[in-house]
S.K.: 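Have a look at this one before I ask anything.
Fair warning: this is a prediction, and the values are worked out from it, not measured in the lab. Whatever order the structure lists them in is the order used to number ligands and atoms, beginning at 1.
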Amino acid sequence: MDRLAILTGAGVSAESGLGTFRDNDGLWDNYDPMEVASIDGWYRNRKKVLDFYNIRRKQLENAAPNEAHKLIASLEKRFKVDVITQNVDNLHERAGSTNVLHLHGELCKVRPENTFCEVDGFSEKEVYDVGYGEVHLGDKAPNGVQLRPHIVFFGEAVPNMTKAVEIVSKADMVLIVGTSLSVYPAASLYHYAPDSAPVYLIDPKAPGIADARIRHIKMVATDGMREFVKMI
Ligand code: OAD
C-alpha cells in the first residue's frame with residue numbers, strides 16, 4: 001500500500017466553523033498570539049492564556065468534522081495514511097482517522113507547567129485529558145503543579161517534528177490541506193519528501209511558499225478533497 005502523508009492546518013476545520021488564524025477576522029486579528037499562545041505570555045498572565053483555551057475548547061465541543069475530514073479518513077482504505085496536523089482540535093480523530101500526529105499540541109489535554117518538551121515527545125503519563133472542560137488558575141496536577149494547556153506555545157520546541165520528518169521522508173505522496181505554510185518548522189515538512197513524491201496543496205489562496213513542486217488545487221477543503229479523491 002502506498003504511503004500518503006497529509007499535513008493539515010486551520011483551513012481544514014474552517015468549514016466546521018472553527019476560525020483560521022491569518023484570514024480576515026482570523027483569531028490573530030482578535031488576539032495577540034504573543035499574549036495568548038507564547039511561553040512568555042503564559043508566565044506573564046496565565047489566566048488570560050487559560051481563558052483563551054477555555055473558549056476554544058467550548059467552540060470545539062460544538063463543532064463537528066466536515067466532509068474534508070471524512071474524506072481524509074476514508075483514504076485509509078486505499079493508502080497507508082499518516083495525518084500530521086498543526087491543528088489542536090480533534091476533528092480528524094472524530095472523523096475516523098486512526099493515525100494522527102499533532103504538531104502543535106491538543107486542546108483537550110493539559111499537563112503540569114513544569115514539564116517541558118523532550119526531543120521524542122512528551123511523557124504521556126504527565127498529560128491529562130480534560131475533554132471540553134475549563135481549566136483555571138489553581139487547577140493542579142497530582143504533583144501539586146499548576147496545569148497548563150498541552151499546546152506548543154510560540155517560543156517552544158516542536159517535540160513531534162522528528163516523527164513528522166520520518167513520516168514525510170518515507171511518503172509516496174504528500175497532500176497539504178488548508179495551511180498558509182507560514183509557521184516553521186511545520187511549513188518546511190514537505191521538503192523532506194522523496195523527489196519522486198508528488199506534493200499537492202488544497203487551499204483557496206496561493207501558498208505562502210512559491211515552489212514549482214507544489215501542485216495547487218485552489219479550492220476550499222471539502223471541494224478540494226472531492227477533487228483529489230476523484231483524481232488519484
Ligand atoms: P493560517 O490561519 O495561517 O492559514 C489558514 C489557511 O487556510 C490559509 O492559507 C487559508 O487560505 C486556508 N483556508 C481558509 N478557509 C479554508 C477552507 N474552507 N478550506 C481550505 N483552506 C482554507 O493557519 P495555519 O497555517 O494552520 O499555531 O497556521 C499554522 C499555525 O499558526 C497554527 O497551528 C497555530 C498558528 O499560530 C499555534 O498556535 C502554535
S.K.: Where the side chain of N66 meets the backbone of V12, is there a donor-acceptor pair that is under 3.5 Å apart?
M.R.: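 Checking the backbone N and O of V12 against the side chain of N66, a donor-acceptor pair under 3.5 Å is found.
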S.K.: Does any N or O of ligand 1 fall below 3.5 Å from an N or O anywhere on G11, backbone included?
M.R.: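 Among all N and O atoms of G11, at least one is under 3.5 Å from an N or O of ligand 1.
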S.K.: How are the rings of F21 and W28 set relative to one another: parallel (under 30°), tilted (30 to 60°) or perpendicular (over 60°)?
M.R.: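 Tilted, since the angle between the ring planes falls between 30° and 60°.
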S.K.: Which pair of heavy atoms, one from L189 and one from V168, lies closest together, and at what distance?
M.R.: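 Closest heavy-atom pair between L189 and V168: O-CG1, 3.4 Å.
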S.K.: Report yes if some N/O of V183 lies less than 3.5 Å from some N/O of ligand 1; otherwise report no.
M.R.: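 So ligand 1 has no N or O lying under 3.5 Å from an N or O of V183.
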S.K.: Between N87 and D89 (side chain of the first, backbone of the second, donor and acceptor by atom type, cut-off under 3.5 Å), is there such a pair?
M.R.: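 No; zero donor-acceptor contacts below 3.5 Å.
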S.K.: Report yes if some N/O of G9 lies less than 3.5 Å from some N/O of ligand 1; otherwise report no.
M.R.: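 Looking only at distances, the answer is no, because the N/O contact criterion of under 3.5 Å is not met.
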S.K.: Identify, for atom 19 (N) of ligand 1, the protein heavy atom at the shortest distance, and state residue, atom and that distance.
M.R.: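 Its nearest protein heavy-atom neighbour is A221 N, 2.8 Å.
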S.K.: Nearest heavy atom to atom 14 (C) of ligand 1: which of D203, V158, I217, D23 does it belong to?
M.R.: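 Selected option, by shortest heavy-atom distance: D23.
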S.K.: Looking at I39, is its backbone amide N or carbonyl O close enough to the side chain of E156 to form a donor-acceptor pair, meaning the two atoms are under 3.5 Å apart?
M.R.: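 No: the side chain of E156 does not pair with the backbone of I39.
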S.K.: Please state which protein non-hydrogen atom is closest to atom 38 (O) of ligand 1 and give its distance, to 0.1 Å?
M.R.: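 The answer is W28 CZ2, 4.0 Å.
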S.K.: What part of V152 sits under 4.0 Å from ligand 1 if we count only heavy atoms: the side chain, the backbone, both or neither?
M.R.: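 Only the backbone of V152 comes within reach of ligand 1.
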S.K.: I'd like to know if the side chain of H150 reaches the main chain of Y128, judged simply by a donor and an acceptor atom lying under 3.5 Å from each other, with no hydrogens or angles considered.
M.R.: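 Not a single qualifying donor-acceptor pair exists.
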S.K.: For E166, is there an ion pair with K170 - N to carboxylate O distance below 4.0 angstrom?
M.R.: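 Judged by the 4.0 Å cut-off on N to carboxylate O distance, K170 and E166 do form a salt bridge.
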S.K.: Name the closest protein heavy atom to atom 31 (O) of ligand 1, giving the residue it belongs to and the distance to 0.1 Å.
M.R.: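 In this structure, atom 31 (O) of ligand 1 has R22 NH1, 3.0 Å as its nearest protein heavy atom.
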S.K.: For atom 3 (O) of ligand 1, what is the nearest protein heavy atom, given as residue, atom name and distance?
M.R.: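 Answer, as residue, atom name and distance: S180 OG, 2.5 Å.
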S.K.: Just checking Y192: does its OH atom have more than 12 heavy atoms from other residues, nucleotides or ligands closer to it than 6.0 angstrom?
M.R.: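 Not more than 12 within 6.0 Å, no.
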S.K.: Return yes or no for this condition: an N or O of F21 is under 3.5 Å from an N or O of ligand 1.
M.R.: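 Yes.
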S.K.: Considering non-hydrogen atoms of the protein only, which is the closest contact for atom 15 (N) of ligand 1, and what is the distance?
M.R.: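 Result: A14 CB, 3.8 Å.
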S.K.: Could you tell me which atoms of ligand 1, counted from 1 in the order shown, lie closer than 4.0 angstrom to a heavy atom of E15?
M.R.: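 Listed by number with element: 18 (N), 19 (N).
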S.K.: Would you say the side chain of S97 lies within less than 4.5 Å of the side chain of H69, judging by non-hydrogen atoms?
M.R.: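 No, their side chains stay 4.5 Å or more apart.
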S.K.: Looking only at protein heavy atoms, which one is nearest to atom 25 (O) of ligand 1, and how far off is it?
M.R.: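 Of every protein heavy atom, T179 OG1, 2.7 Å lies nearest to atom 25 (O) of ligand 1.
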S.K.: Mark the output for F154 as yes if a heavy-atom distance to ligand 1 is under 4.0 Å, and as no if none is.
M.R.: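 Right, F154 reaches ligand 1.
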S.K.: Is it the side chain, the backbone, both or neither of A10 that has a heavy atom closer than 4.0 Å to ligand 1?
M.R.: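 A10 to ligand 1: contacts from backbone and side chain alike.
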S.K.: Before accepting this row, confirm whether a basic side-chain N of the pair K48/D51 lies closer than 4.0 Å to the acidic partner's carboxylate O.
M.R.: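 Looking at K48 and D51, the cut-off is not met.
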S.K.: Return yes if a side-chain donor-acceptor contact under 3.5 Å exists between R57 and Y132, otherwise no.
M.R.: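 Y132 and R57 do not have a side-chain donor-acceptor pair below 3.5 Å.
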S.K.: If every non-hydrogen atom of A221 is compared with every non-hydrogen atom of I202, which pair is closest and at what distance?
M.R.: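 Result for this residue pair: CA-CG2, 4.0 Å.
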S.K.: Is the contact between H104 and ligand 1 made by the side chain, the backbone, both, or neither, using heavy atoms and a 4.0 Å cut-off?
M.R.: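 It is the side chain that gets close, since no backbone atom is under 4.0 Å.
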S.K.: Quick one: nearest non-hydrogen protein atom to atom 29 (C) of ligand 1, plus distance?
M.R.: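 Going by distance alone, atom 29 (C) of ligand 1 is nearest to Q86 OE1, 3.3 Å.
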S.K.: For ligand 1, indicate whether the residue F153 contacts it via side chain, backbone, both or neither (heavy-atom separation under 4.0 Å).
M.R.: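 Answer for F153: neither.
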S.K.: Would P204 count as a contact residue for ligand 1, given that I'm defining contact as a non-hydrogen atom of the residue lying under 4.0 Å from a ligand atom?
M.R.: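 It does; at least one heavy atom falls under 4.0 Å.
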